[in-house]
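Structure, as structure tokens:
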Amino acid sequence: MSYSMVELIRTKRDGGELEPDALRWIIAEYTADAIPDYQMSSLLMAIIFRGMTQNELGPWTEAMLHSGDVLDLSDVDKPIIDKHSTGGVGDKISIPLVPIVAACGVAVPMMSGRGLGHTGGTLDKLESISGFSTTIEPSAIDTQLNEIGVVMVGTTETLVPADRRIYALRDATGTVPSIPLISSSIMSKKLAEDLDGLVLDVKVGSGAFMKTVDQATTLARMMVGIGDSHDTPVTALLTNMSQPLGRAVGNANEIAESVEVLRGGGPEDVRSLTISFATEMLVLAGNESVDSANARAVDAIESGAAFETMLELTARQGGDPHVIENIDRLPRATHEYVLTTSHSGFVSRCDAYDIGVAAVRLGAGRATKEDDIDLGVGFLVEAKIGDRVEVGDPLVRIAYNDESRLQAALDALDNAWEIADEPVTPNDLILGEIR
Ligand code: URA
């Protein structure tokens with residue numbers, strides 16, 4: 001059956017419901033490059049405003065999931081659990097998390113994304129490790145999982161190619177923040193991984209695509225529901241994204257901060273959220289109490305086992321393990337600018353959205369699908385919510401390569417920080433949980 005894309009766009013634009021066959025046709029044709037980007041962007045924008053019904057979301061997600069091969073990991077002799085984030089600023093949690101969980105005997109076939117909108121992407125960050133390849137032959141994935149417990153890959157021309165294309169298009173067309181588009185993008189990738197369980201990090205706040213707990217709860221319930229309909233247990237934690245996680249925002253500098261966590265240090269919020277997610281993943285893997293899972297996750301860091309797994313992962317995927325052993329070998333921008341405060345008091349805002357937009361302007365993210373990113377640029381946030389600051393103290397250190405990009409980034413940071421006279425208590429990191 002063939003359809004007219006213009007008519008389907010009009011139907012969605014006017015609030016109509018698209019029939020399952022039409023949705024399958026759109027995904028198949030777009031994946032085969034038979035629908036041009038301009039028509040697909042127009043449909044995506046209509047979905048942003050009109051949403052999708054449950055009747056539409058099911059066939060749309062299924063069509064994305066089956067747009068390529070689905071992994072067969074029946075030869076993997078460990079529980080297979082993954083984690084995915086809905087996207088945040090400074091959100092490098094997956095990078096220290098995966099080696100910890102793998103070191104505890106769980107297989108993690110993580111399929112991640114690139115930077116999306118104002119948020120960073122795990123694949124871009126990993127590629128700042130010299131030589132690291134995020135493309136692996138699907139047939140080699142189970143061997144690597146049996147041997148070291150982890151692979152970190154992206155979608156390819158054979159693995160969920162529909163998401164590969166739609167994701168890149170959404171990034172460059174302002175069509176990211178939509179509950180059905182986010183749920184179908186995440187769940188199509190995750191269900192293609194043949195999982196025994198999935199833990200989701202549903203971000204809430206200015207730097208997230210979901211600005212309120214209510215919106216995040218709706219998104220989490222939708223993804224848990226898609227998991228249920230595929231007999232895949234899903235746990236979602238709603239986590240705070242009103243300010244960046246940790247200090248580093250960028251690509252290479254987020255790898256450096258992740259390595260610090262794997263060495264037993266790093267900022268407290270990154271370390272504690274990483275351990276919370278590791279605990280959830282180990283519990284989902286089976287027969288383990290929260291206390292025991294938590295203790296094993298901490299031990300994987302303290303014993304050095306997780307760090308060793310990160311070295312093995314890097315070497316297996318073509319990366320240079322010396323970069324992990326010595327983070328000074330990561331790419332670095334040539335200049336530094338320090339933004340300081342002109343007020344004394346307590347930081348009451350350190351806005352994740354403004355900092356995310358500034359990072360993209362600096363070159364850490366893409367403005368068009370074709371853009372290369374600058375792996376060495378980024379921010380080291382020096383003042384976070386609740387911190388006491390005096391006039392002249394640094395708010396953020398900006399690593400940059402290009403003066404005009406620095407200026408554009410500084411413009412985005414104009415109102416990113418607010419300083420109050422009274423002490424401020426930061427909000428909790430974990431705001432809720434949906435199972
Ligand atoms: N992560 C994804 O994989 N897709 C989205 O749409 C958002 C976050």
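Just so you know, ligand 1 is whichever comes first in the structure, and atom 1 is the first atom listed for that ligand.
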inquiry  = I need the full list of salt bridge (Lys or Arg N to Asp or Glu O under 4.0 Å) pairs touching residues 100-114, with sequence neighbours left out, sorted by first then second residue.
reply    = R114-D124, R114-E127
request  = Inspect the contact between R435 and E280 and indicate whether a charged nitrogen and a carboxylate oxygen are less than 4.0 angstrom apart.
outcome  = yes
ask   = So, R263 and E260, do they make that salt bridge, N to O below 4.0 Å?
value = no
query = How would you list, by chain and number, the residues with a heavy atom under 4.0 angstrom from ligand 1?
reply = H84, S85, T86, L116, Y167, R170, I182, S185, I186, K189
Mind listing the closest non-hydrogen atom pair of [X] and [Y] along with its distance?
{"X": "K83", "Y": "I93", "answer": "NZ-CB, 4.0 Å"}
{"X": "L262", "Y": "A306", "answer": "CD2-CB, 3.7 Å"}
{"X": "L57", "Y": "S184", "answer": "CD1-CB, 4.2 Å"}

